[in-house]
Amino acid sequence: MTEPLAPQYNPSAIESALYAWWRERGLFAPDANPAGSVGEPYVIMMPPPNVTAVLHMGHGLNNTVQDVLVRFHRMRGRRTLWLPGTDHAGIATQNVVERLLAKEGRTRFDLGRDAFVERVWEYVQATGAAILGQLEALGCSADWGRTYFTLDERMSRAVREAFVTLYEEGLIYRGHYIINWCPRCLTALSNEEAEKHETDGRIWHLRYPLADGSGHLTVATTRPETMLGDTAVAVHPDDERYRHLIGREVLLPLVDRRIPIVADEAVDPAFGTGAVKVTPAHDPTDFEIGRRHGLPSIDVMTPEARISLAAPERFQGLDRFDARARVAKEFDAAGLLEKVEPHRHAVGRCYRCDTVIEPRLSDQWFVRMEPLAESALRAYRDHTLRFIPERRGDDYIQWLEGIRDWTISRQLWWGHRIPVWYCESEGCGRIAVSRADLETCPACGGPVRQDDDVLDTWFSSWLVPFSALGWPERTADLAAFYPGSTLVSAPEILFFWVARMIMAGLHFMGEVPFRDIYLHGTVRDTQHRKMSKSLGNGIDPIEVIERYGADALRFSLVSGMSVGTDVILDPHDLEASFAAGRNFANKLWNAGRFILSHLEGDRPVRPLAGAANAVRPDELTLADRWIIARCDLAVREATEAYEKFRLNEAAGAVYRFLWSDLADWYIEQIKPRLYGDAPGGDVARAVAAQTFDAALRLLHPVMPFITEALWKRFPGRPAEASISVAPWPQSDARARDPEALAEFELVQQVVGAIRGIRAEYGVQPGQAVRAFVSRDGGPASAALERERSTVVRLARLSELVLTEPTERVGGHAVLPDGTSVFVPLGDAIDVGRECGRLGAEADRLAGLVAAQEKKLGNQQFVTRAPADVVAREREKLSAWAEQRELLVRKRELLGCG
RNA sequence: GGGCGAAUAGCUCAGCCGGUUCAGAGCGCCUGCCUUACACGCAGGAAGUCGGGGGUUCGAAUCCCUCUUCGCCCACCA
């Protein structure tokens with residue numbers, strides 16, 4: 001606590017210890033804040049990271065945002081719960097473990113179901129722990145005591161309850177439909193899991209001879225191999241070209257099957273040839289056509305997407321793409337291939353392995369979504385829900401309005417087993433759906449067999465907002481923390497997860513699970529590509545934390561992100577992305593080191609108000625008043641920005657205050673007062689302590705570690721005190737001081753002008769010079785008199801003379817308010833150069849004046865623009881004219897030509 | 001095929017409902033400084049026809065139209 005602070009901030013030296021201390025102190029629990037609870041609790045459910053792998057930068061961003069919001073609200077006194085968890089990620093995890101097995105030359109079938117699942121558990125226990133460790137390294141203040149895993153016992157119970165309830169309500173059903181099938185993962189997928197990608201493909205025009213030999217009909221298809229399963233050709237009923245063929249038959253080539261020509265409204269006469277081959281077992285539209293016309297479905301593919309025994313022998317066993325080539329070749333050989341054209345269309349791919357989806361006819365379980373979608377739409381339309389940024393609401397609406405039933409069964413081993421039992425006794429065949437495991441058939445007592453399939457991972461995660469709180473038990477947590485407050489997520493999982501949580505929340509709890517949905521952007525590389533393992537353009541957050549510190553990572557992510565926009569980082573130049581955060585942390589560290597070193601000792605730091613020894617207003621210097629006013633401004637800016645999810649603005653406001661105001665000016669200003677027993681030192685210490693303390697608190701949500709480390713070192717701080725539950729700084733009307741703001745700004749401008757002149761003429765830093773500052777030919781503003789020593793020190797002057805200069809040769813400047821600055825430099829300056837400099841400045845102002853005169857001479861402007869705008873423009877004109885006037889006079893004094 | 005977003009200094013971005021010195025920040029770059037908190041620093045500086053074109057307006061980076069480029073979402077047209 002009292003050992004000296006290192007001159008360079010070393011995050012790795014303090015972060016893990018501070019984190020451990022926070023946990024020990026129980027600071028992440030809802031009741032951690034001694035201030036008690038203000039208003040409603042603030043609750044965020046963490047989007048559970050998949051246990052497939054360690055975290056990437058996207059998780060870093062997502063969890064940083066959540067932690068910022070949670071820490072902000074915790075400090076504001078809300079009872080705050082951030083509930084963490086991990087996701088068993090059915091397909092993804094199963095794939096990873098299967099790949100591990102493949103390296104051992106084994107498949108899951110070699111192990112058998114139970115042993116395989118056992119193996120997956122081993123894997124996820126390791127990765128799950130690693131992930132939680134990473135979240136801790138990031139500084140996440142989640143309540144680890146409540147951590148859930150979407151496949152743990154509590155969640156399983158909730159999943160069963162939800163499934164059985166929905167089944168009883170008729171919202172879950174088993175059906176025989178075309179679903180999205182991944183031939184590599186060997187499972188059904190939902191529509192959302194089948195990602196559509198625009199692809200350059202081809203379209204084949206195939207001739208189907210009429211069965212009576214009177215000609216042929218041409219159909220167009222992008223998947224010729226499916227013709228092996230055709231059971232009809234369809235045309236539009238009103239299509240004059242084909243009307244005479246309706247009801248007749250074609251002889252399906254290669255297969256030699258007679259199939260009918262049917263009329264169906266689903267056919268678009270304008271597309272292709274206007275005649276469609278109908279393959280009910282391999283296309284959803286064809287399936288519907290088949291149903292309407294009583295056509296048979298012939299499944300010509302195996303689960304692996306090879307040609308099945310239902311096709312002619314020579315095709316059997318061929319991969320679908322080989323079969324495609326073979327079919328095309330045989331059509332060509334038979335003179336039945338009319339043409340092949342390039343064709344761009346959307347191809348579905350498995351979101352986990354990128355394999356081309358095969359639409360497949362099979363028995364699956366579905367959730368009827370329409371009834372659920374209705375209330376979810378209503379909740380948005382009546383403003384119960386709010387999206388940040390707002391436009392994301394359009395995506396939500398669009399998805400819900402076009403909602404399709406959700407395929408929830410997966411032909412996997414890793415996941416929640418479907419709670420359905422089939423009676424195996426003959427003559428019963430009953431299907432039982434049960435909350436409890438069944439051994440026998442409830443109807444006949446015969447033997448039962450549980451459904452082999454598991455549920456979609458998202459069927460467990462859509463329940464999280466209440467299942468993680470104990471549902472279906474009516475727990476105290478559920479009563480206290482449902483509904484939650486904010487959901488922070490990447491836009492990619494808006495449909496997978498966010499929209500479904502809203503539906504589940506409304507259905508099972510009767511209330512939306514959260515009110516604000518903050519969708520942040522995606523982390524991309526400098527070519528705007530999403531970071532991914534396969535592209536090798538990822539950045540490991542842990543590496544960044546080790547090199548720059550968690551605070552630097554968080555600051556960089558937050559400040560690189562405005563509402564709803566992507567965050568661009570350069571994986572090849574970590575320095576470019578994270579140096580700013582690291583530098584800022586170091587700046588803060590050193591400012592803290594300086595201020596804290598002057599707070600130590602036996603003299604107590606005086607409060608600014610509310611005590612007998614409080615600093616009196618009349619003791620404050622102009623600089624004191626100025627920094628207090630600037631600090632108050634930062635409090636207002638940052639607080640408002642946090643409230644509006646403008647985290648980058650909040651970070652920026654504190655950054656500017658700490659660096660540009662406090663470090664660059666205030667600390668420099670108070671140095672003389674701090675050394676020795678200079679008068680006013682106690683006031684400077686009091687003001688520095690108070691404003692720095694406030695700034696640390698404002699910054700704590702973004703940079704929790706360094707702010708805590710410094711804050712804890714304030715003298716008199718109890719050992720158990722933590723900034724994470726310190727009260728949020730309040731704006732105070734008494735701190736607002738426009739006069740001090742304006743006057744100190746003049747001081748800054750004078751110093752800036754003198755520094756500029758010095759740099760212009762290469763006056764060495766060690767060389768003190770005199771400066772004359774005056775106004776209207778007389779003494780300069782009283783503010784400069786009061787801060788005379790500040791100007792002298794910061795501009796490195798030997799003397800500051802606040803009257804008209806007695807000399808002429810030197811550097812001149814005129815400030816916006818007409819204040820005149822002169823640094824006598826004698827022979828050291830090049831008079832011609834100075835004349836040029838002043839002339840250029842005068843010309844610039846002359847241009848402004850001319851434009852301004854034109855503007856004000858414009859009757860349209862003067863009459864139509866608001867009076868205050870016109871008045872302001874008039875003031876500008878006179879100020880510029882005055883400045884120009886002064887510059888011209890200075891040139892005359894210098895003897896410029 | 002619909003819908004949406006972005007295009008501002010070399011790079012990453014601010015600039016909200018049009019009007020506070022002919023556009024700001026960080027990083028990078030240039031010059032000078034190890035000034036007893038910080039060289040991960042200090043001081044100063046260069047750098048942009050605000051994607052192109054048109055329009056509305058007294059006035060536009062800021063509003064409207066259009067074009068170009070990039071990105072995203074949705075879509076059963078075989």
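Below, read A as the first sequence line, B as the second, and so on, with proteins coming before strands; counting in each chain starts at 1. Below, all heavy atoms of this structure are taken into account, side chains as well, without hydrogens, waters or symmetry copies.
- Comparing B/C30 with B/C72, their C1' atoms are spaced 40 Å from each other, to the whole Å.
- A close approach under 4.0 Å does not occur between any side-chain nitrogen or oxygen of A/Asn590 and OP1 or OP2 of B/C40.
- Remark: A/Tyr761 is not in phosphate contact with B/G45, judged by side-chain N or O atoms under 4.0 Å from OP1 or OP2.
- A/Phe584 comes within 4.0 angstrom of no nucleic acid atom, judged by non-hydrogen atoms across all strands.
- With a 3.5 Å ceiling on both atom-pair distances, B/U35 lacks any Watson-Crick or G-U wobble partner.
- Heavy atoms of A/Glu668 sit under 4.0 angstrom from at least one base atom.
- No contact: A/Glu492 has no heavy atom under 4.0 Å from any strand.
- Between A/Arg202 atom CZ and A/Thr221 atom OG1 the span is 12.5 Å, to the nearest 0.5 Å.
- Across all strands shown, A/Lys644 has no heavy atoms under 4.0 Å from either base or sugar-phosphate atoms.
- Straight-line distance between the C1' atoms of B/C34 and B/A39: roughly 7 Å, to the nearest whole Å.
- Remark: P of B/G26 and CZ of A/Arg656 are 10 Å apart, rounded to the nearest angstrom.
- Distance noted for atom P between B/G44 and B/G26: 12 Å (whole Å).
- Among the heavy atoms of the strands lying under 4.0 Å from A/Gln883 is at least one base atom, whether or not backbone atoms are also near.
- Taking the six-membered ring where the residue is Trp, A/Tyr9 and A/Trp589 present tilted rings, their angle falling between 30° and 60°.
- For A/Ala220 and A/Val763, each mapped to the nucleotide of RNA chain B holding its nearest heavy atom, the one lying further toward the 5' end belongs to A/Val763.
- Residues A/Tyr208 and A/Asp230 bring a donor and an acceptor atom of their side chains to less than 3.5 Å of each other.
- Within 4.0 Å (heavy atoms only), A/Phe287 reaches no atom of the nucleic acid at all.
- Look at CZ on A/Arg524: it is 11 Å from P on B/C13, rounded to the nearest Å.
- Using cut-offs of 30° and 60° for the angle between ring planes, the A/Phe578 and A/Tyr548 rings count as tilted.
- Using C1' as the reference atom, B/A9 and B/C29 are 12 Å apart when rounded to the nearest Å.
- A residue-by-residue look at A/Ala759 and A/Tyr9 shows that A/Tyr9 has its nearest nucleotide of RNA chain B further toward the 5' end.
- Among the atoms of the strands shown, none is found under 4.0 Å from any heavy atom of A/Ala579.
- Between the C1' atoms of B/G19 and B/G32, the separation comes to 40 Å (whole Å).
- Base contact: A/Lys587 has a heavy atom under 4.0 Å from a base atom.
- The residue A/His236 sits apart from the nucleic acid: no heavy atom pair falls under 4.0 Å.
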